[in-house]
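Working notes, structure below.
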Amino acid sequence: MINLRLRDILVAGFCIILHLVYRSHKRRLLPPPPGPTRWPVVGSILSMTLNYAHISYQKFGKKLGAKFLYYEVFNQPIIVINDVQVAQELLEKRSAIYSSRPQVRILSEGIGMNRFFAIMPYGDEWRAQRRMFQQYFGPRHFEQQLEMHERMLRFVRRGLLPNLLTSPQDFHEHLRNCIGGFSISIAYGLPVQRQHDSRVRFSGTVFGEMIAAAGSGKLVIHFISSLLQDIPDWMPGSGFKKAARDLRSLIEKLVEDPYQAGLELLDEGNPQESFVATSLEKGRNYADFEGHVNRLKYTATQFFGGAAETTMTVFSTFVLMMLKNRDVQCEVQRELDSVIGSDRMPTMSDLSRLPYLSAVIKETLRWNPVAPLSVPRMTTSEDVYDGYYIPKDCIVLTNIYAMLHDEDTYPEPEEFKPERFIKNGVLRDDVPDPETIATFGFGRRICPGSHIALPFIHLIAASILCLFDILPEVDAEGNPINVVPKFAPSSLTSEPFPFPCKIVPRGDRNVKELLKEYIGNEPI
Ligand code: HEM
């Protein structure tokens with residue numbers, strides 16, 4: 001039997017502590033990843049741009065020949081990952097370290113955004129909300145998937161296509177109403193107006209403000225406003241605090257109102273299948289029912305937040321690309337005509353037989369990544385990678401834009417070329433697919449809604465091009481207007497700015513007849 005004396009234990013303990021201190025010290029002696037010059041106090045703030053930050057990080061990475069970069073702002077370390085393999089190594093293989101989110105004071109304490117699990121730090125509450133989301137919306141819940149597909153079809157046919165026929169000039173608004181309306185319907189089971197639904201509008205406005213406030217391009221502003229968070233309200237320059245409080249109360253209304261309306265509908269006894277109805281029923285006997293209800297309110301609101309702006313961004317980009325690339329649009333229509341014909345509209349089961357459309361959607365996701373700098377992460381302990389030291393509490397920006405514009409993987413990345421994903425009518429498996437790589441993030445915090453977004457996007461694209469042509473608007477002299485694409489410069493999502501275009505029924509199609517049974521005024 002080993003007989004350890006107190007002295008031996010103390011010596012062993014001392015040696016272990018010494019070893020740990022030495023190891024940690026040795027790690028800290030390693031250099032940080034390459035990056036711009038850092039100045040005392042302000043760090044690399046002078047090298048950071050507010051607008052289109054993803055492009056400037058990409059260019060700077062290329063200049064240094066570095067796959068990931070190191071910045072510092074007021075002592076806050078930041079790494080920017082420009083490369084897929086590095087992202088996989090860190091965010092997937094070392095996910096125990098890289099799965100949290102930074103808690104920017106102005107966003108969490110000020111606006112209260114950290115109550116949504118997309119923004120929360122890694123931990124029990126995040127796990128509980130994400131589990132609740134997956135239990136209802138996860139890809140393995142077959143019946144709910146069928147219900148969701150059925151409802152997508154209903155929103156496209158009743159909500160979107162008839163509106164495009166009667167007021168095509170408002171296509172941005174119609175797309176928003178259709179995508180947002182679907183989210184509200186699935187989350188709360190509430191009826192949605194076919195045009196200008198007030199809940200869709202309100203949710204869109206509030207989430208639009210949140211997404212604009214949270215953009216990674218705004219990091220510098222976040223730091224400065226967080227430092228100034230404690231200045232009194234009467235001081236000049238404190239206006240941002242009031243703006244944050246106003247947004248906070250709008251969020252509270254956004255979380256509460258549709259939930260209460262959903263409850264009333266349940267009490268009336270004729271509800272539509274929804275996340276709220278199912279999750280409430282499931283939690284009836286839980287000991288902490290109140291906690292369960294609070295969680296499900298935020299998770300339901302999160303559904304709209306995750307789905308609406310992102311899907312809308314893909315769609316605006318798709319319409320823009322069809323406008324700028326008429327040959328691609330005609331090729332999609334040729335494929336649709338050969339698979340579907342001219343006397344019916346696409347169904348969910350047609351989608352897998354449209355490889356060219358699929359290549360176009362992949363190229364749309366690649367060409368203008370929806371969230372070019374993803375949602376920021378934060379390290380929960382120090383790390384060493386490739387000989388570089390990465391500290392604890394380091395903000396990690398995933399530059400999805402740089403990854404999907406890497407010219408070795410996607411030659412001529414600025415060109416819109418669906419052909420890069422398809423050969424002889426078959427989708428290529430030797431080109432990394434933006435539907436599965438980078439677009440939706442990495443590791444434990446990867447987007448849990450990709451399997452909802454992708455079929456919806458394919459369905460909307462197929463349905464529009466089956467019935468309509470997307471053509472340039474003409475100016476006062478009758479000349480086609482050349483649209484120059486422009487994008488939100490520093491928001492979380494890279495939505496194109498509104499642009500003029502004409503959506504007209506296809507000449508060889510009786511669109512009114514095809515839509516006859518779907519036209520009406522009653523809510524969906
Ligand atoms: C084309 C559409 C979409 C794109 C491109 C997209 C992209 C992303 C990205 C890049 C992230 C961050 C992942 C990371 O940190 O690595 C994310 C997170 C998230 N997305 Fe999506 N998304 C889309 C649609 C959706 C939809 C339809 C929903 C809901 C139904 C959704 C819900 C969420 C949620 C809840 C998170 C936070 C996950 C977490 O922090 O655990 N997204 N998404």
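Starting from 1, each residue takes its place in the sequence as its number. Each ligand, and each atom within it, is numbered from 1 in the order the structure gives.
Scanning the protein for heavy atoms near atom 35 (C) of ligand 1, the closest one is Phe117 CZ, 3.3 Å. Looking only at heavy atoms of the protein, atom 38 (C) of ligand 1 is closest to Arg130 NH1, 3.4 Å. Closest protein heavy atom to atom 15 (O) of ligand 1: Arg101 NH1, 2.8 Å. With respect to atom 16 (O) of ligand 1, the closest heavy atom belonging to the protein is Arg377 NH2, 2.7 Å. Atom 30 (C) of ligand 1 has as its closest protein heavy atom Phe303 CE1, 3.2 Å. The single protein non-hydrogen atom nearest to atom 29 (C) of ligand 1 is Phe133 CZ, 3.6 Å, given as residue, atom name and distance. For atom 13 (C) of ligand 1, the nearest protein heavy atom (residue, atom name, distance) is Arg445 O, 3.2 Å. Among protein heavy atoms, atom 1 (C) of ligand 1 sits closest to Val314 CG2, 3.5 Å.
Counting non-hydrogen atoms of neighbouring residues, nucleotides and ligands closer than 6.0 angstrom, the CG atom of Asp288 exceeds 12 such neighbours. By the 6.0 Å contact criterion, CD on Glu290 is open, its count of non-hydrogen atoms from other residues, nucleotides or ligands being 12 or less.
At a 4.0 Å heavy-atom cut-off, ligand 1 touches Thr439 through backbone and side chain alike.
Residue-ligand proximity, Phe442 to ligand 1, at heavy-atom distances under 4.0 Å covers atoms 16 (O). Of all the atoms in ligand 1, the ones that sit under 4.0 Å from a non-hydrogen atom of Ile452 are 30 (C). Each of the following atoms of ligand 1 lies closer than 4.0 Å to a heavy atom of Val370: 5 (C).
Among the candidates Phe133, Phe137, Phe303, the single residue satisfying the ring-ring contact (aromatic ring centres under 6.0 Å, His included) test with Phe275 is Phe137. A side-chain contact (heavy atoms from CB on, under 4.5 Å) with Phe318 holds for exactly one of Val360, Ile457, Thr313; it is Val360.
With sequence neighbours left out, Asp83 forms a side chain to side chain contact (heavy atoms under 4.5 Å, CB included) with Lys67, Gln85, Val86.
The cationic atom of Arg366 (NZ for Lys, CZ for Arg) does not lie both less than 6.0 Å from the six-membered ring centre of Phe416 and within 45° of the ring axis. Cation-pi contact between Arg94 and Tyr385: absent, since separation from the ring centre below 6.0 Å together with deviation from the ring axis within 45° is not met. Cation-pi check for Lys253 over Phe202 is met; the charged atom lies under 6.0 angstrom from the ring centroid and within 45 degrees of its normal.
Contact annotation: Phe456 has no heavy atom less than 4.0 Å from any atom of ligand 1. Under the 4.0 angstrom criterion for non-hydrogen atoms, Arg444 is not in contact with ligand 1. Within the 4.0 Å heavy-atom cutoff, Met120 does not count among the residues contacting ligand 1.
Of the N and O atoms on the side chains of Gln76 and Glu72, not one donor lies less than 3.5 Å from an acceptor on the other residue. If you check the side chains of Ser450 and Glu435, you find no donor sitting under 3.5 Å from an acceptor.
Taking distance alone, with nitrogen or oxygen atoms compared against 3.5 Å, Trp126 approaches ligand 1 more closely than that limit. Between Gln302 and ligand 1, no pair of N/O atoms sits closer than 3.5 Å.
The tally of protein N/O/S atoms under 2.8 Å from atom 21 (Fe) of ligand 1 stands at 1.
Rounding to the nearest 0.5 Å gives a distance of 4.5 Å between CE of Met312 and CZ of Arg176.
Note: Tyr52 and His54 have perpendicular aromatic rings, judged against thresholds of 30 and 60 degrees for the angle between ring planes. Taking the six-membered ring where the residue is Trp, Tyr410 and Phe421 present tilted rings, their angle falling between 30° and 60°.
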_Derivation and outcome, side chain to side chain donor-acceptor pair (under 3.5 Å), residues Tyr122 and Arg444_ = CA-CA 10 Å; Tyr122 191 72; Arg444 294 187 200 179; 2.6 Å; yes

